[in-house]
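Notes follow the structure.
Within every chain, numbering begins at 1; the chains are lettered A, B, ... in the order of the sequence lines, protein sequences first and strands thereafter.
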Number of protein chains: 2
Amino acid sequence: MDDDRYPLRATIRDVAERAGVSIGTASKALNDNGRLKTETRERVIAAAQELGFRPNSLAQSLHRTRSMTVGVLSTDSFGRFAFPIIEALEERLAEHGIAIFMCNATDDPAREKQHLDQLLGKRIDGLIVTGRRMDKRPPVAVPGQSMPVIYVFSQADDPEALCLLPDDYGGAMQAVQHLIGIGRKRIAHITGPETFEAVTLRHRGYRDALAAAGLTEIEGYYRRGKWSEAWGREAVAALFDGEGDLPDALFCGNDQIARGATDALRERGIAVPGAVAVVGFDNWDVMTRAARPPLSSIDMNLRELGRLAGERLIAMIAGERRKGVERLHCSLVVRQSSDPTQS
Amino acid sequence: MDDDRYPLRATIRDVAERAGVSIGTASKALNDNGRLKTETRERVIAAAQELGFRPNSLAQSLHRTRSMTVGVLSTDSFGRFAFPIIEALEERLAEHGIAIFMCNATDDPAREKQHLDQLLGKRIDGLIVTGRRMDKRPPVAVPGQSMPVIYVFSQADDPEALCLLPDDYGGAMQAVQHLIGIGRKRIAHITGPETFEAVTLRHRGYRDALAAAGLTEIEGYYRRGKWSEAWGREAVAALFDGEGDLPDALFCGNDQIARGATDALRERGIAVPGAVAVVGFDNWDVMTRAARPPLSSIDMNLRELGRLAGERLIAMIAGERRKGVERLHCSLVVRQSSDPTQS
DNA sequence: TGAGGTCGGGAAAACCTTTTCCTTCCGACC
DNA sequence: GGTCGGAAGGAAAAGGTTTTCCCGACCTCA
């Protein structure tokens, strides 16, 4: 089974030979450098074409000081959130001829170190660290500022690091302002576990938006639980089956909660958005579109976040220094759950 | 902003110098090659440690004929299905010190070619092509068998290619056998668009499992539509609101359909699994767990598929030849929608 | 005392490109 | 005719590592 190897690729030496020039000349011809007769240049290019020559970028990188590759280290395994980010990042970097190495370390420091070692060996030009986390993660151990590192959708416990995050606070404000804008005054907030920083930030946005409209958070209207539909249903039960005044709107911490909530409302015969308007978070189409009615939601613009990360990384590789936390605006997407006139 | 560059890394030359040996000797010491005094070896290793030396794998790859990298080309953008596959693949390859380049070409042949060019330039040792597709895709244009290529969750129109796929047929059979096993005899199949090969295969498995139990497909019980919850609800409406005999089980082409179906059944007061048992496909936990009751489903073992792809690729890089279509078994996961005794 | 063996380590080629510096050739100009 | 300058292209270093081959020193044995 081990007999026939994969054939070796043509090198620039083969091209030079076939074109009857020196290897330096061949290089110049192919890179449009130096001073060559047009005829020679064309002869070399033709030879390269015929041989299917493709320059060995390992050799090129060795010579230049750039490898034209970057690493993407995902701690949390590639979740639903990482995908659009990485996809857009890859797209952006590909435009600059930069390829990405994907690694996944699933919160295992040992594997992270191992991957990092490998990436450093490969002389990546930069590193993106991503992965949903509740708290700040320890910074990755790249030896002595050897390359730019950006944390995306993840926060490093290092004031010198650059972190790119969605604007949870602003997103929450938009959601609540929208609900206030359609006349709601009794807005509850059902959200995830308070261990997530996003939960705190979104709650703050919620409260500040209320305050800005002269409203205050009503006792019992802020409910933290899990990121699941079941919790959404449960919270609705608690809010609507008890005594007390009923909410006329729900701002939910994610779309799963929002969907569970609308299901529970429908089953109680409570009209959405008639009696209660609902806005979710994440704009995850699997949820927003399947819910009845389709959910209004806050979109974190993850693709844009990925693109931005690509942008920043390219600039930093070119020498620019950046640090601190940069938050990208969220967008409100209105659907029927908060506006019956929407399709 | 362009003043301070990233510092250059230590090279083996620095290590050799610090240890007072030649660079060849340093290399031998670090790779545990050649014949050296233990003391010398240790001195070199210590020097490397002190300098934080990490061999430049570009240089290594240039010398060896292996780059220790492989490409992953995703046509369909990284969907929900690609992720577990890629994750497991990466894990498996990482164990062998192989890193992966991720590229996404979203069904754009021009971008695909561009990525392929880039990957060839980087001298990848192998290529994985992935992406859910309905039909066989044209094989990727790697010049003259220059490296092994494996299609995963994707099929190439080339008898010489190796394609790794889930066993849709067998998965469907398992689902239906399970339903028959719990005493159901009137089993309907609600599934996706017939343009997907998987739809055809699963339907065949469904029919053959019925036949093996002496049952036949009932008129109007095979329904093709979209891969959505809405379609699941719609199909239930068609099946249960009309005249005709009612099904006592539903085998659904994916979990979204299955979930839509269970929702529709519940709203009609039809007990699941009491009156109608439901089995889905994909075992997508977001759906199976949120559904009421939780859905039994067929798991395509995508992680195992990814691991297998890694396995095969490593073997092929080592010289083994393989071709044809290899299908990986699916697994039935039983939950309440087909067995009330399950949690 | 010399032949042969082992041990320890150095020199240099090889991997593939790019780039700088040189050489050669030729026409032009004084 | 000699000099200058430009055009065309070659030679070689550099980039970092591995590996093969070789050399010198020391040892063993006859």
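Nucleic acid contact class of T40(B) (heavy atoms, under 4.0 Å, all strands): sugar-phosphate only. Heavy atoms of S57(B) sit nowhere under 4.0 angstrom from any nucleic acid atom. Contact annotation for L58(A): no contact, since no heavy-atom pair falls under 4.0 Å across all strands.
The interatomic distance linking N56(B) (CG) with dC16(C) (P) rounds to 16 Å, in whole Å. Separating the CD1 atom of I12(B) from the P atom of dT17(D) is a distance of 5 Å, rounded to the nearest angstrom. If you measure from atom CD1 of I23(B) to atom P of dG8(C), you get 22 Å, rounded to the nearest angstrom. When rounded to the nearest whole Å, the span between CZ of R123(A) and C1' of dT17(D) equals 11 Å. Across the protein-nucleic acid pair, L30(A) atom CG and dC16(C) atom P stand 16 Å apart, rounded to whole Å. The CZ-P distance, from R13(B) to dG10(C), rounds to 14 Å in whole Å. Counting to the nearest Å, the C1' atom of dT20(D) and the CZ atom of R64(B) are 16 Å from each other. Atom pair L51(B):CG and dG16(D):P shows a separation of 14 Å (rounding to whole Å applied).
The shortest distance between the side-chain N/O atoms of N31(B) and the OP1/OP2 oxygens of dT18(D) is below 4.0 Å. Within the 4.0 Å cut-off from OP1 or OP2 of dG10(C), at least one side-chain nitrogen or oxygen of T25(B) is found. Contact check, R35(B) against dC7(C): a side-chain N or O comes under 4.0 Å of OP1 or OP2. Distances shorter than 4.0 Å separate none of the side-chain N or O atoms of N33(B) from OP1 or OP2 on dT18(D). OP1 or OP2 of dT18(C) lies within a sub-4.0 Å distance of a side-chain N or O belonging to S27(A). Contact annotation: Q60(B) side-chain N/O to dT18(D) OP1/OP2 distance is under 4.0 Å.
Under a 4.0 Å N-O distance rule, the pair R307(B)/E311(B) does not qualify as a salt bridge. Under the 4.0 Å criterion applied to side-chain N and carboxylate O atoms, E197(B) and K136(B) are not assigned as salt-bridge partners. Ion pairing between R41(B) and D32(B) holds under the 4.0 Å rule for side-chain N and carboxylate O.
Annotation: of the two residues near DNA chain C, A26(B) and H63(B), the 5′-most nearest-nucleotide partner is A26(B). Comparing L62(B) and L36(B) along DNA chain C, the residue whose closest nucleotide (by nearest heavy atom) sits nearer the 5' end is L36(B).
More than 12 heavy atoms of other residues, nucleotides or ligands lie within 6.0 Å of CD in E39(A), so this atom counts as buried by the packing criterion. With a 6.0 Å radius and a threshold of 12 heavy atoms from other residues, nucleotides or ligands, R66(A) has its CZ atom above the threshold. By the neighbour-count criterion of 12 heavy atoms within 6.0 Å, atom CZ of R13(B) is sparsely surrounded, having that number or fewer from other residues, nucleotides or ligands.
The listed nucleotides are dT17(D), dG10(D), dT17(C); the one nearest the side chain of S22(A) is dG10(D).
A donor-acceptor contact under 3.5 Å links the side chain of K28(B) to the base of dG10(C).
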